[in-house]
Amino acid sequence: MNADLMTWRDELALRCERIGREVRIMEVCGTHTVAAFRSGIRSMLPDNLRLISGPGCPVCVTAQRHIDAAIELATLPNVIVATYGDMVRVPGQSGSLERQRANGADVRVVTSASRALSLARKYPDSEIVFLGVGFETTAPATAVTIMDAHRSGIRNFSVLISHKLVIPAMSALLSHGDVPIDGFLCPGHVSVIIGSEAYGPIASRFGKPCVVGGFEPEQMLKALVFLVRQIERGEARIENVYPAVVSGSGNAAAMEILQEVFVSADTPWRSLGVIPSSGFELAPAYRDFDALRRFNIAVGDDVDNPACRCGDVILGRIEPPACELFDNGCTPLSPIGPCMVSSEGTCAAWHKYHKRATATGALS
Amino acid sequence: MCLAIPAKVVTLEDREAVVELGGNRLCINIVLTPGVKVNQWVLVHAGFAIATIEESDALETWAYLRACYDGDMQGLEGEIGGRRMNAEVSEGVAAT
């Protein structure tokens, strides 16, 4: 361990000891979730510091009804569904895109929205439907691609919009009120787009410290120390300890494009229900690219497996081992809940990195 | 899925750039980073540059990624979503 890491670790331990109670910090980024395990950060945390993984994995928070709509789209004749890889395995009410593909549906994995548009150019006689999932980091790529399709007059391309916005989700968690949170480790690459100042309402309205941090061990520990300093002093400010890539105001070009293509919309989140203004729908000029509208797909409700506790995991109420399905019918190879599907899902991360956890998993 | 990875811009053409990432060359979209120049480093996510960064920060991040991903370059490529230059011909993918 290098000297900087030890310094941050020791200060974290000292301050948490002085606070003298459980300190609950939530991260809302799947990459932070995995990095905390992968780099060994979790093993360096003081006993009374609880790092909670909130609704930061885009796959995990995609509403089941949107998975069901994607599956329905994939069953339509002449439709090719193009999606980021993790989405193909997320269970809907009846199977997954992966299962539909096994049944003959044309489901393609792409690594960029622009690749989906390339498919539309390549197969002009097919309809390409791209699944637009992800937070503010990913949404600009979808927006640019829709603008490109619009500009190029490409008519066989549409998008199932399921993008999510992180700040409304954080606000909803705090408004919910039953999960105590002392502060937020804010997502580094979402913040590249929205800027650190975007967390103002979380600090001012809810009185919670917000610190934007990177993904390397030193950056994460430093962010946690900055959070704990604020918590100890009873402060609630925004701090940015990832200034190499995150500015106060974010990426102006990306924000402008988001505002051009999308308008905010009440959006369903898996296990969290509909959160006001927490996602997007297409602005009027681009509505022809709305896959639900184009194919007249009605979005239903979510009907989760009653034993699956992904919702409680996403809300930070429990840790994965407290779910009776965890490693007991629900595994990465055979996932029941979305948090076990994505490599960035909290359950998948616990399965991979924390299998020897002996705790009951219930948070005190 | 919100991971963005540093890559160095090798060539620029209109709305796209070829970047070098771990020995591979990928074609990415640069409309979100107007003004980016050859030899600058960018953060790449889902096939798009989303920010420019200093070389020293990029190299530091790469040192971490190499240690953390233990050579799993395929996994990283999946994260950043560029179009491999040598795949363009075989797939017949038109530039977007």
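Proteins get letters first, then strands, A, B, ... in listed order; numbering begins at 1 in each.
Chosen from B/Ile50, B/Asp57, B/Thr52, the residue pairing most often with chain A at heavy-atom distances under 4.5 Å is B/Ile50.
From A/Gln219, atom CD reaches atom OH of B/Tyr64 across 8.5 Å, with rounding to the nearest 0.5 Å. In this structure, B/Leu32 CG and A/Met255 CE are separated by 12.0 Å, a value rounded to the nearest 0.5 Å. The CZ atom of B/Arg15 lies 10.0 Å from the OG atom of A/Ser114; values are rounded to the nearest 0.5 Å.
In this structure, the side chains of A/Val192 and B/His45 stay at 4.5 Å or more apart for every pair of heavy atoms. Looking only at side-chain heavy atoms (C-beta outward), A/Glu216 and B/Leu65 stay at 4.5 Å or farther from each other. Side-chain contact check for B/Phe48 versus A/Ser112: some heavy-atom pair is nearer than 4.5 Å.
With sequence neighbours excluded, the residues that form a side chain to side chain donor-acceptor pair (under 3.5 Å) with A/Ser278 are A/Trp269.
Nearest heavy atoms, B/Ala51 versus A/Val245: CB-O, 4.4 Å.
In B/Glu20, the CD atom is crowded: over 12 heavy atoms of neighbouring residues, nucleotides or ligands sit closer than 6.0 Å.
Using a 4.5 Å cut-off between heavy atoms, B/Thr61 touches chain A through backbone and side chain atoms alike.
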